[in-house]
There are 2 protein chains.
Amino acid sequence: MIVRQAANVLEIMEFFAQTRKPATLAEIADHFGWPRSSTFNLLATLSEKGYLYEPRPRAGFYPTPRWLAMARMISEVEPLPPWTHTLIADLSAETGETASIVAPAGVMAVFIDVVESQAAIRYFATIGHRVPIHATASGRALLLQYSQEERDSVYRKIEFKQYGPSTPISIEAVEIELRNSIARGYCQSFADYSRDLAGAAIPLPIGDRRLSVVVAGPEFRIGPKVPEVAALIARTVDRLRPKTTAA
Amino acid sequence: MIVRQAANVLEIMEFFAQTRKPATLAEIADHFGWPRSSTFNLLATLSEKGYLYEPRPRAGFYPTPRWLAMARMISEVEPLPPWTHTLIADLSAETGETASIVAPAGVMAVFIDVVESQAAIRYFATIGHRVPIHATASGRALLLQYSQEERDSVYRKIEFKQYGPSTPISIEAVEIELRNSIARGYCQSFADYSRDLAGAAIPLPIGDRRLSVVVAGPEFRIGPKVPEVAALIARTVDRLRPKTTAA
DNA sequence: CAGATAAATTCACATATATGTACATTTTCC
DNA sequence: GGAAAATGTACATATATGTGAATTTATCTG
């Protein structure tokens, strides 16, 4: 079950992150199609808690810097080492595609850092983006780091859906693909989950955290180059990862 | 009316900002005294939206860097000029008290930047902290920047309460205090709102934004020094504010 | 400066939603 | 290695909550 008002808080904040300017109650209500009265209650709650203020009289609400202060607190803990961002920045620059660092979240994989392609046709992904762990290159690069028991536990919760022609729709299919990935030396996906999308990924354990790096883009562009992209990822990780802290 | 689940989202995030480590469903539910099932729904919603993930298997949830990305987006807009932070840092260092930048939010004043005193007994305030605009030095320094009509409009919404012995409990009392502040050259408060708390503030218009600077601390320590603290604030603003962009 | 128009706020009620209970799964401890 | 404890998940139901309509307040326009 989705908690509506919790989701609404996130939507409001995303709204501000997009528009980047103060908005009045009416503007917000109209934008989301929410009743004025409900919007009023939500804004009042956020203001009450010190997360919204009125920068100028009658110019509407805007988030206080408290969001930033809180987010900084949260993200200071075990931040990703700086070289991981360099990694995806370099990969994106060299390949012209979108590169990301990915982490597990139950049966899903979450993008925790992203450098987007600059191409007109690109894989559009943002931090926080989620994809099925079993049906994506990045996700399978995470599964490779699990023990058999841990994988089984995840499998039990997966709802196998035919997202695309090549989606693995059984535990065996996933396990086979994992074995192939080991043999191949990297994980790949050709529209397993998203139409027209292909990508290459490898595991990226950091400390005791299980992460992965992925480069993905439109199938017609990246498809034929997947092996060399995978090799490039491996080389770039080797180059950037500090030798002393290597897992 | 307060929107409970909206407030709960904020509480959860504040919880993570404090503990700075992943937490399981059970830990969160117990900490807040929430039912497991409700906590489950909330965490599911936040995860679904890409704001929570599971860094390590079975180690619980933690916010994704998406919070930081979003907060950065929001705060990039008209950030406070860097000298304002220097301002309160210097003031706090010189006086040993807590110094803040404050902005209006209806009948309240919000702390949008804070440098805390290092003293054992100190004014404890954080970014997002809210105080009544009419019953605090910082708030009155904001009101001084309003036109008479704008002030009247604010007054109509104020619920006058006797927070302390010297709280102004009528429009006239507030207006008189404002006139006194102008004559005096700064705003002051002696436990008008919080017990044992005294402070000095002056308006700090930046562009078309109406802000104020305040230095506040325990009455016994800062009380006798309020005039010199006020003079120090004025001098420090003069020193740090760029001449070219002065309002 | 009225009169009109739009926005913000309040409130009572129907309905969407949080939760108690039951079940499944995982982990801990002996 | 097996039983007990803890944790995570699903669902029906009573109730807390969101909302439409009415009221008040602010803003625009001629």
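Quick note on labels: first sequence line is chain A, next is B, and so on, each numbered from 1. Basis for what follows: all heavy atoms, side chains included, without hydrogens, waters or symmetry-related copies.
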First of A/W34 and A/K157 reached from the 5' end of DNA chain D, by closest nucleotide: A/K157
Euclidean distance, atom OH of residue B/Y155 to atom P of D/dT25 [Å, nearest integer]: 18 Å
B/S37, nearest nucleotide to its side chain (from D/dT19, C/dT19, D/dA26): C/dT19
N/O (side chain, A/S153) to phosphate O (OP1/OP2, C/dT26) under 4.0 Å: yes
Nucleotide nearest A/P35 when distance is taken to its side chain, options C/dA8, D/dG20, D/dG18: D/dG20
Side-chain N,O (B/R4) to OP1/OP2 (C/dT19) below 4.0 Å: yes
B/Q5 side chain to B/N8 side chain, donor-acceptor N/O pair below 3.5 angstrom: yes
B/F160/B/H134 under ring pair (Phe, Tyr, Trp, His ring centres under 6.0 Å): CA gap, chis, key distance, verdict: CA-CA 9 Å; B/F160 289 95; B/H134 68 290; 5.1 Å; yes
Rounded distance (nearest 0.5 Å) linking atom CG of B/L46 with atom CG of B/N41: 11.0 Å
D/dT17 OP1/OP2 closer than 4.0 Å to side-chain N/O of B/Q5: no
Any B/R156 side-chain N or O less than 4.0 Å from OP1/OP2 of D/dA26: yes
Candidates D/dT19, D/dT9, C/dA18 - which lies nearest the side chain of B/F40: D/dT9
Mind listing the side-chain donor-acceptor pairs of residues 24-35 of chain B below 3.5 Å, one per line with the distance, residues two or more places apart or on another chain?
from, atom 1, to, atom 2, distance (Å)
B/T24, OG1, B/E27, N, 3.2
B/E27, OE1, B/T24, N, 3.0

